[in-house]
Chemist: 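Mind looking over this structure? Questions follow.
Fair warning: this is a prediction, and the values are worked out from it, not measured in the lab. Within every chain, numbering begins at 1; the chains are lettered A, B, ... in the order of the sequence lines, protein sequences first and strands thereafter.
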Amino acid sequence: MSEEATDFIRQRIRQDLDQGAVEGGVVTRFPPEPNGYLHIGHAKSICLNFGVAREFGGYTYLRFDDTNPAKESDEYVESIKRDVAWLGYDWGSHLTHASDYFDQLYNFAVELIERGKAFVCSLSGEEIRASRGTLTEPGTDSPYRSRSIEENLDLFARMKAGEFADGEHVLRAKIDMASANVNLRDPVIYRIRHVEHQRTGDRWVVYPMYDFTHCICDALEGITHSLCTLEFQDHRPLYDWVLDNININFHPPQIEFSRLALEHTVMSKRLLNQMVDDAVVSGWDDPRMPTIAGLRRRGVPAAAIRDFCKRIGITKQDGLVEMALLDFCIRQVLEKSAPRGMSVLDPLPVTLTNYPDDGETLEAAWHPQNAELGNRALSFSRQLYIEREDFSEEPPKGFKRLSPGGLVRLRYGFIIQCDEVIKDADGAIVELRCRYFPESKSGSDTSGLKPKGVIHWVDAASAQPVTLRLYQQLFTDPVPDLDDLASALNPDSVVEFSGFVEAAVASSEMQHFQFERLGYYARDSELADTFNRTVTLRDSYKPG
RNA sequence: UGGGGUGUCGCCAAGCGGUAAGGCACUGGGUUUUGAUCCCAGCAUGCGCAGGUUCGAAUCCUGCCACCCCAGCCA
């Protein structure tokens with residue numbers, strides 16, 4: 001599990017290092033815009049950037065790309081810091097914001113104007129779009145393209161001074177309106193926004209655009225490898241153009257990799273935001289969400305997310321990863337670490353007719369393979385609950401649980417036999433009357449009985465009533481229809497049960513458990529007496 | 001009909017001219033007081049397609065085809 005990753009980016013970095021192309025160590029950055037919560041797609045980028053720096057002995061900046069105050073907030077900033085840290089990464093003193101560089105950015109823009117490489121354009125947004133041309137036809141020059149440097153300098157200074165309303169003017173790079181790459185058709189690099197910024201307040205009314213900002217921040221921070229997703233490939237010429245046309249002594253290479261796509265969910269902040277706003281989920285941390293906060297609340301360990309990111313690899317292929325891989329990674333971590341416990345989701349009362357009135361206390365290991373977790377006490381008595389699903393009046397062939405006249409072992413307890421099925425007036429089973437075999441006690445069984453199976457149970461008197469929430473895919477289809485999210489939602493993405501957990505689990509401080517035969521569960525971080533199912537156990541039982 | 005990318009098993013992914021790694025999933029079998037875990041075995045005569053170069057091609061060349069991204073004063 002510790003083989004070194006050898007994706008194309010790491011190969012490239014290795015090569016740069018070998019050729020002495022990188023002075024000092026490797027420096028990367030994770031640059032989220034604080035306009036939403038981080039999701040597992042961001043985790044891929046976080047693991048890459050922080051992972052690479054760690055492997056090659058460098059460091060990573062956590063840089064907030066906060067150039068669009070209209071969409072950003074401090075809540076998002078805080079959630080992002082929390083999530084990156086929870087994932088296990090430390091940016092140390094390298095916490096920055098694009099807004100930290102607003103003054104320098106402004107000066108570089110002035111420099112571009114002085115070099116005749118940028119101009120103030122007074123066309124409306126509509127007009128700029130119309131003159132940009134199409135994918136197959138070149139655009140046409142703005143009538144303001146030939147403004148004098150002096151006029152541009154004056155106008156830009158007045159833009160900054162707040163003399164104009166939003167949209168009245170923009171600053172554009174003067175590149176090539178006929179370029180086959182539309183990003184190079186005199187892109188807007190500054191716009192006027194009379195909007196309060198969460199960090200700089202009302203100090204600025206002109207804000208730099210991503211394409212102008214990102215490359216400069218990368219250069220100022222000495223980022224040796226600027227890693228981003230594929231959709232920015234067409235922006236790379238612009239990234240390079242900006243750095244080539246200002247007086248700056250560092251020029252990071254931009255390297256793109258494919259973003260993560262996961263089956264049965266969506267990975268766009270816009271859509272996730274919409275689901276939160278529409279209240280189809282309880283919030284950004286709803287356990288069904290692909291957000292880091294949602295996964296955490298569902299009980300997914302950070303180590304599982306890191307392992308997942310490592311297993312999917314880094315390439316330029318547009319893949320669609322199956323949820324089964326994430327589930328595998330989660331189970332693998334929890335299998336080793338989660339203490340075992342018993343819970344009954346859908347209780348069916350069982351009375352042990354030949355068991356004495358006084359109960360007894362049994363002992364069970366918290367983990368079958370990890371003795372370090374120790375043991376817990378398990379109370380056993382005449383009145384128990386078993387899982388309704390574990391009893392069948394007419395068992396299908398291959399059924400290994402309880403049926404009339406049949407034997408089954410109660411895990412860690414005794415072997416029982418079902419003598420009588422009690423039903424109510426509607427014919428619904430309300431109780432099972434069983435006998436137990438005193439000499440079949442777990443660990444000291446001399447009964448010679450060989451039941452077909454083992455089932456879980458809880459003691460009726462001491463078990464704690466709890467709410468159990470079982471989660472499934474948020475969307476029914478592997479690739480949900482993004483145009484109709486509402487009807488693409490899986491109606492059974494969360495199913496709630498009122499069940500029980502054994503007393504030792506209820507009184508424990510531990511957060512994650514494997515409820516035997518049911519799955520891995522985690523205590524909900526907000527709601528008392530509530531457990532979220534993190535993932536089911538693997539199940540090779542094929543009925544029929 | 002412009003530009004930029006990508007095509008290796010159901011999914012992810014190694015491979016970088018010397019004769020197809022690995023993981024997930026799946027299928028068998030063994031162990032098991034979780035139908036779990038664990039263990040063992042199986043799972044691409046073929047790398048989008050068609051040609052070509054070569055003693056030898058998934059790897060090089062040519063031509064097709066398919067899919068993804070781009071026309072925000074978003075990032």
Side-chain angles (χ1 to χ4, degrees), chain A residues 3 6-7 11 31-33 35 65-68 70-72 98 121 123-126 128-130 132-139 166-172 179-185 187-193 207 209-211 213-214 228-237 256 258 263 269-270 308 310-329 331-332 335-336 340 342 364 368-369 398-401 408-413 415 440 442-443 445 451-456 478 514-519 536-543:
Chain A
E3 305 87 53
T6 56
D7 54 77
Q11 287 180 28
E33 181 187 14
N35 67 343
D65 217 335
D66 54 353
T67 57
N68 185 2
K71 293 163 64 181
E72 300 154 5
C121 181
L123 251 23
S124 68
E126 197 64 40
I128 288 180
R129 191 182 320 138
R132 185 151 31 224
T134 69
L135 295 178
T136 54
E137 303 160 57
D166 290 6
E168 251 184 276
H169 306 284
V170 291
L171 184 69
R172 292 226 253 169
S179 173
N181 182 343
V182 291
N183 294 119
L184 263 22
R185 317 240 264 230
V188 172
I189 56 176
Y190 262 91
R191 76 291 216 192
I192 300 170
R193 283 281 177 281
Y207 292 97
M209 297 284 287
Y210 165 85
D211 285 307
T213 307
H214 207 89
C228 65
T229 43
L230 250 26
E231 66 270 27
F232 291 102
Q233 285 177 119
D234 290 341
H235 294 246
R236 195 188 330 130
E256 312 87 4
S258 62
E263 285 188 347
K269 270 197 251 184
R270 200 200 100 236
F308 172 75
K310 183 174 178 180
R311 285 170 184 273
I312 58 176
I314 297 293
T315 67
K316 291 171 89 94
Q317 276 152 252
D318 287 305
L320 178 63
V321 179
E322 292 175 339
M323 199 58 92
L325 181 61
L326 212 211
D327 289 345
F328 168 81
C329 294
R331 288 190 192 107
Q332 189 174 252
E335 157 61 29
K336 293 193 203 75
R340 307 295 133 110
M342 288 198 285
Q369 275 91 236
F399 192 72
K400 292 165 63 172
R401 315 175 197 179
V408 76
R409 173 174 291 283
L410 296 176
R411 170 125 250 226
Y412 306 119
I415 292 170
S440 69
S442 186
D445 185 356
K452 288 173 301 196
V454 180
I455 63 173
H456 59 277
Q514 183 203 96
F515 290 155
E516 296 202 46
R517 304 209 310 130
L518 292 178
T536 62
L537 251 28
R538 207 165 151 267
D539 183 10
S540 60
Y541 176 46
K542 293 172 282 297

Chemist: Which whole number of Å gives the distance between the C1' atom of B:C47 and that of B:C60?
Modeler: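 Those two atoms are separated by 16 Å.
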Chemist: Tell me which nucleotide, if any, is Watson-Crick or G-U wobble paired with B:U32 when both distances must be under 3.5 Å.
Modeler: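 Pairing partner: none.
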Chemist: Give a yes/no on whether any side-chain N or O of A:Arg185 is located under 4.0 angstrom from OP1 or OP2 of B:A71.
Modeler: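 It does not, given that no N or O in the side chain of A:Arg185 lies less than 4.0 Å from OP1 or OP2 of B:A71.
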Chemist: Please report, rounded to the nearest Å, how far the P atom of B:C70 is from the CG atom of A:Asn183.
Modeler: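 Between P of B:C70 and CG of A:Asn183: 10 Å.
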Chemist: Mind checking if A:Arg172 touches a base, just sugar-phosphate, or nothing, with heavy atoms under 4.0 Å?
Modeler: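 The residue A:Arg172 makes no contact with any strand.
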Chemist: Expressed as a whole number of Å, how far does the P atom of B:C11 sit from that of B:A71?
Modeler: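 Looking at atom P only, B:C11 and B:A71 are 29 Å apart.
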Chemist: Quick one: is A:Arg538 getting a side-chain N or O under 4.0 Å of the B:U34 phosphate, OP1 or OP2?
Modeler: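 False: A:Arg538 side-chain N/O out of range (4.0 Å or more) of B:U34 OP1/OP2.
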Chemist: So what does A:Phe232 touch, heavy atoms closer than 4.0 Å: a base, only the sugar-phosphate, or nothing?
Modeler: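 Base contact.
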Chemist: Does some side-chain heavy atom of A:Arg331 sit less than 4.5 Å from a side-chain heavy atom of A:Thr536?
Modeler: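 Yes, side chains in contact.
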Chemist: Take atom C1' in B:G4 and the same atom in B:A21, then report the distance between them in whole Å.
Modeler: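 It comes out at 31 Å once rounded to the nearest Å.
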Chemist: Would you measure the distance from the C1' atom in B:G23 across to the matching atom in B:C55 and give it in whole Å?
Modeler: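 Nearest-Å result for B:G23 against B:C55 at atom C1': 36 Å.
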Chemist: Any base atoms under 4.0 Å from A:Gly139, or only sugar-phosphate, or nothing? Heavy atoms, all strands.
Modeler: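 A:Gly139: no heavy atom of the nucleic acid under 4.0 Å.
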Chemist: Ignoring backbone atoms, test whether A:Ser540 places a side-chain nitrogen or oxygen under 4.0 Å from the OP1 or OP2 oxygen of B:A36.
Modeler: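 Checking A:Ser540 against B:A36: at least one side-chain N or O falls below 4.0 Å of OP1 or OP2.
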Chemist: Classify the nucleic acid contact of A:Phe328 as base, sugar-phosphate or nothing, counting any heavy atom under 4.0 Å across all strands shown.
Modeler: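 It contacts sugar-phosphate atoms only.
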Chemist: Would you indicate what A:Leu184 reaches in the nucleic acid, counting non-hydrogen atoms under 4.0 angstrom: base, sugar-phosphate, or nothing?
Modeler: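 A:Leu184: no heavy atom of the nucleic acid under 4.0 Å.
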Chemist: Atom CG of A:Leu320 and atom C1' of B:C24: how far apart are they, to the nearest Å?
Modeler: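 About 14 Å, once rounded to whole Å.
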Chemist: Considering every strand and a 4.0 Å limit on heavy-atom distances, what is the contact class for A:Lys269: base, sugar-phosphate, or nothing?
Modeler: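 Contact class for A:Lys269: none.
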Chemist: Quick one: label A:Glu256 by what it contacts on the DNA or RNA (base, sugar-phosphate, nothing), any heavy atom closer than 4.0 Å.
Modeler: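 Nothing: the residue A:Glu256, judged by heavy atoms under 4.0 Å, touches no strand.
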Chemist: Taking atom C1' in both B:G7 and B:G15, compute the distance separating them and give it to the nearest angstrom.
Modeler: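 Taking atom C1' in both B:G7 and B:G15, they lie 15 Å apart.
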Chemist: Any salt bridge between A:Glu33 and A:Lys269, counting N to O under 4.0 Å?
Modeler: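 Answer for the salt bridge query: no.
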Chemist: Across all strands, who's sitting opposite B:U53 as a Watson-Crick or G-U wobble pair, both distances under 3.5 Å?
Modeler: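 Pair assignment: B:U53 / none.
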Chemist: Measuring only the C1' atom in each nucleotide, how far is B:U45 from B:U37? A whole number of Å is fine.
Modeler: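 Result for the C1' pair: 37 Å, nearest Å.
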Chemist: Answer with base, sugar-phosphate or nothing: what part of the nucleic acid does A:Pro368 contact at a heavy-atom distance below 4.0 Å?
Modeler: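 Base, at least one base heavy atom under 4.0 Å.
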Chemist: Assuming nearest nucleotide by heavy-atom distance, tell me which of A:Phe399 and A:Ala324 is located more 5' along RNA chain B.
Modeler: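 This one resolves to A:Ala324.
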Chemist: In whole angstrom, give me the gap between the C1' atoms of B:C67 and B:G42.
Modeler: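 Taking atom C1' in both B:C67 and B:G42, they lie 33 Å apart.
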Chemist: When you compare the side chain of A:Arg311 with that of A:Cys329, does any pair of heavy atoms fall below 4.5 Å?
Modeler: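 Answer yes - side chains close enough.
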Chemist: Just say parallel, tilted or perpendicular for the rings of A:Tyr210 and A:Phe232, cut-offs at 30° and 60°.
Modeler: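 Rings of A:Tyr210 and A:Phe232: tilted, 30 to 60°.
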Chemist: Decide, for B:G4, between syn and anti: a glycosidic angle within 90° of 0 counts as syn, anything else as anti.
Modeler: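 Judged by the O4'-C1' to base torsion, B:G4 sits in anti, the angle falling more than 90° away from 0.
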Chemist: Under 3.5 Å, is there an N or O donor on one side and an acceptor on the other linking the side chain of A:His235 and the base of B:A75?
Modeler: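 Donor-acceptor pair under 3.5 Å: yes.
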Chemist: Tell me whether the side-chain N/O atoms of A:Thr315 come closer than 4.0 Å to OP1 or OP2 in B:A13.
Modeler: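 True: A:Thr315 side-chain N/O within range (under 4.0 Å) of B:A13 OP1/OP2.
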Chemist: Does some side-chain heavy atom of A:Val454 sit less than 4.5 Å from a side-chain heavy atom of A:Glu516?
Modeler: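 No, side chains not in contact.
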Chemist: Would you say A:Arg340 places a side-chain N or O within less than 4.0 Å of OP1 or OP2 belonging to B:A36?
Modeler: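 For B:A36, OP1/OP2 do not have a side-chain N/O of A:Arg340 under 4.0 Å.
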Chemist: Over how many whole Å does the gap from A:Lys316 atom NZ to B:A14 atom P extend?
Modeler: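 Taking atom P of B:A14 as the reference, NZ of A:Lys316 is at 13 Å.
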Chemist: Applying the 5.5 Å / 30° rule, does A:Tyr541 stack onto the base of B:G35?
Modeler: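 A:Tyr541 ring centre within cut-off of B:G35 base, planes near parallel; stacks.
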Chemist: Applying the side chain to side chain contact (heavy atoms under 4.5 Å, CB included) criterion to A:His235, which one of A:Leu184, A:Asn183, A:Asn181 satisfies it?
Modeler: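 Passing option: A:Asn183.
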Chemist: Starting from C1' on B:U6, measure out to CG on A:Asp318 and report it in whole angstrom.
Modeler: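 It works out to 7 Å between those atoms.
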Chemist: Students often get this wrong, so: under 4.0 angstrom with heavy atoms, is A:Val170 touching a base, only sugar-phosphate, or nothing?
Modeler: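 Base contact.
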Chemist: With no hydrogens and no angle check, do the side chains of A:Glu126 and A:Ser124 hold a donor and an acceptor under 3.5 Å apart?
Modeler: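 No pair is found: no donor N or O on one side chain lies under 3.5 Å from an acceptor on the other.
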Chemist: Give none if B:A41 has no partner; otherwise give the nucleotide forming a Watson-Crick or G-U wobble pair with it, both distances under 3.5 Å.
Modeler: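 Pairing partner: B:U27.
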Chemist: For B:C70 and A:Arg132 - does any side-chain N or O of the residue sit under 4.0 Å from the phosphate oxygens OP1/OP2?
Modeler: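 For B:C70, OP1/OP2 do not have a side-chain N/O of A:Arg132 under 4.0 Å.
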Chemist: Does A:Asp539 reach a base, just sugar-phosphate, or nothing at all? Heavy atoms under 4.0 Å.
Modeler: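 Touches sugar-phosphate only.
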Chemist: Could you say whether A:Leu518 or A:Ile312 is positioned toward the 5' end of RNA chain B, judged by the nucleotide with the nearest heavy atom to each?
Modeler: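 Whichever sits nearer the 5' end wins; that is A:Ile312.
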Chemist: Using a 4.5 Å cut-off on heavy atoms from C-beta on, say whether the side chain of A:Glu256 contacts that of A:Arg236.
Modeler: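 Touching, per the 4.5 Å side-chain cut-off.
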Chemist: At under 4.0 Å, does any side-chain N or O of A:Gln317 touch on OP1 or OP2 of B:A13?
Modeler: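 Yes, A:Gln317 has a side-chain N/O under 4.0 Å of OP1/OP2 on B:A13.
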Chemist: Indicate, yes or no, whether a donor-acceptor pair under 3.5 Å links the base of B:G4 to the side chain of A:Asn181.
Modeler: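 There is none.
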Chemist: What integer distance in Å separates A:Asp7:CG from B:U6:P?
Modeler: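 Distance check: A:Asp7 CG to B:U6 P gives 15 Å.
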Chemist: Between B:A75, B:A14, B:A36, spot the one nearest the side chain of A:Thr67, thanks.
Modeler: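 So the nucleotide nearest the side chain must be B:A75.
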Chemist: Rounding to an integer number of Å, can you tell me how far A:Asp211 CG sits from B:G4 P?
Modeler: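 About 18 Å, once rounded to whole Å.
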Chemist: For A:Glu335, is there an ion pair with A:Arg340 - N to carboxylate O distance below 4.0 angstrom?
Modeler: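 Salt bridge between A:Arg340 and A:Glu335, a charged N being under 4.0 Å from a carboxylate O: yes.
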Chemist: Let's test this: given Watson-Crick or G-U wobble pairing with both distances under 3.5 Å, identify the partner of B:G2.
Modeler: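 Per the H-bond distance test, B:C70.
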Chemist: Once you round it to whole Å, what is the distance between P of B:U33 and CG of A:Leu410?
Modeler: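 Rounded to whole Å, this separation is 16 Å.
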Chemist: In whole angstrom, what separates A:Tyr207's OH from B:G72's C1'?
Modeler: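 So the two atoms are 18 Å apart, to the nearest Å.
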Chemist: Please determine whether any donor N or O and acceptor N or O are separated by less than 3.5 Å between the side chain of A:Arg409 and the base of B:U33.
Modeler: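 Pair found.
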Chemist: Just so I know, are the side chains of A:Val170 and A:Met209 near enough to count as touching, which here means a heavy-atom distance under 4.5 Å?
Modeler: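 Contact flag for A:Val170/A:Met209 side chains = no.
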Chemist: Just N and O in the side chain of A:Arg331: are any of them under 4.0 Å from OP1 or OP2 of B:U37?
Modeler: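 Result: no.
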Chemist: Establish, with yes or no, whether the OP1 or OP2 oxygen of B:G15 is under 4.0 angstrom from a side-chain nitrogen or oxygen of A:Gln11.
Modeler: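 It does, given that an N or O in the side chain of A:Gln11 lies less than 4.0 Å from OP1 or OP2 of B:G15.
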Chemist: Just checking A:Gly319: base, sugar-phosphate only, or nothing, at a heavy-atom cut-off of under 4.0 Å?
Modeler: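 Result for A:Gly319 = sugar-phosphate.
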Chemist: Considering every strand and a 4.0 Å limit on heavy-atom distances, what is the contact class for A:Gly453: base, sugar-phosphate, or nothing?
Modeler: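 The residue A:Gly453 makes no contact with any strand.
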